[in-house]
Amino acid sequence: MADGNITKDAMYGAVAPDDFESMLTLDRYGERSTAFDKIISATHDHFWDPLDKRYIDFDEPFDLENVAMMPEEQQPLLRLPYVAETLTDPKERIAFINYLQLRNFSSILHGEQGALNLSASLCHVLYDQGAQEYAANQTREEARHVTAFAKYVKSRWGRPAECGATLKKLLVEIIEAPEVYKKIVGMQMLVEGLAMGAFANGFKYNRDPVARKLFQLVMTDEAFHHKFGKIWADRTIPKLTEGERNLVEDWTAHCAQSLLFDRGDPRQSAEIYGKFGLDPDRVIADIVQRRKERDPTRKFKGETNVFRVLIKTLLKAGLITERTRGFYAAYVDLDELAAEGERMVGDDIAEDGIRYLQEINFKDRTRAVSIAAE
Ligand SMILES: [Fe+2]
Ligand SMILES: [Fe+2]
């Protein structure tokens with residue numbers, strides 16, 4: 001199995017996506033890795049169902065016309081001089097903030113669909129049965145995230161917005177990649193890392209209680225998905241040759257470039273400005289001006305800042321070395337991140353969520369048993 005997968009641990013061994021015959025190898029059945037068993041069995045503790053109102057009720061209303069989902073301080077666009085002087089009507093500002101949230105939730109929905117297809121694609125390539133069971137379990141969890149976010153978007157806006165070009169390109173790239181390291185780094189480390197930051201931020205600031213509940217429920221699952229990527233990194237990265245390490249690091253930087261920097265390119269949002277009577281060129285000129293005036297040594301701060309959360313994940317996983325340090329150091333203080341503990345911002349939110357789910361799931365064991373017997 002020496003190939004482009006850069007496998008350093010048998011449990012992450014992989015075959016080509018179309019090589020089903022290898023799965024029928026008899027010895028394989030007896031060599032199941034137990035490394036993921038804890039994550040697999042924990043799935044019962046954090047079980048939830050987006051179609052069951054005991055967990056979340058998408059019929060609870062929210063007044064999108066009169067209440068901004070996010071506080072204005074969380075929308076730096078509204079502080080641009082041109083935007084501030086054009087959008088003066090409070091209702092218009094609310095509409096602008098809430099439209100940005102439609103775009104945000106739509107990106108999340110498309111990202112969850114990407115995670116579903118990616119984890120399903122892992123089932124085809126991972127050779128170890130335990131790793132495969134893990135991937136199948138993640139696929140099932142991603143499927144409920146797609147259901148949940150689709151229901152949420154439908155209840156609030158009716159229909160999602162298109163997937164942005166940069167995100168679409170990256171999702172297609174990692175789902176189609178046959179190499180396991182590209183899938184795991186791209187999805188489990190980068191996309192999941194970014195999602196944990198975005199969900200933590202939404203959990204903290206979104207004014208819609210249904211949205212906050214949704215973020216928390218999803219985070220109870222995502223924390224484990226992220227762990228799968230972390231176990232891969234811990235067992236793989238220290239054993240890489242220099243050449244392999246460079247490949248993995250460059251792929252990491254490529255994904256980070258797409259997710260963090262290209263996606264933030266204001267030209268991608270021209271459609272939004274036009275919708276609110278704003279001249280996209282003037283908005284972009286303001287953004288460029290603000291970036292010029294910004295202190296170049298200023299770094300992203302705040303424990304739920306998505307850039308910071310994601311880059312910390314990569315740093316702790318050993319996916320950033322001296323070679324690529326400069327690329328990230330322009331945005332965050334890497335020494336400060338290195339000095340912080342392993343705990344991630346989403347961990348506490350996910351743990352509270354699991355306790356909430358355990359209460360619902362195990363409140364009435366006799367009922368669960370009787371249903372199972374029906
Ligand atoms: Fe997900
Ligand atoms: Fe996930």
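All ligand and atom numbering here is 1-based and tracks the order in the structure.
With 3.5 Å as the limit, one finds a donor-acceptor pair spanning the side chains of K183 and S121. Counted by atom type alone, E133 and Q129 present zero donor-acceptor pairs between their side chains at under 3.5 Å.
Looking only at protein N/O/S atoms, the ones less than 2.8 Å from the Fe ion (ligand 1) make 4 in total.
No salt bridge links K213 with D57; every basic N to acidic carboxylate O contact stays at or beyond 4.0 Å.
Aromatic rings from F105 and F215 are positioned such that their centres are separated by under 6.0 Å.
To the nearest 0.5 angstrom, L80 atom CG is 5.5 Å from I287 atom CD1.
Annotation: cation-pi pair R28/Y127 present, NZ/CZ under 6.0 Å from the ring centroid and within 45° of its normal.
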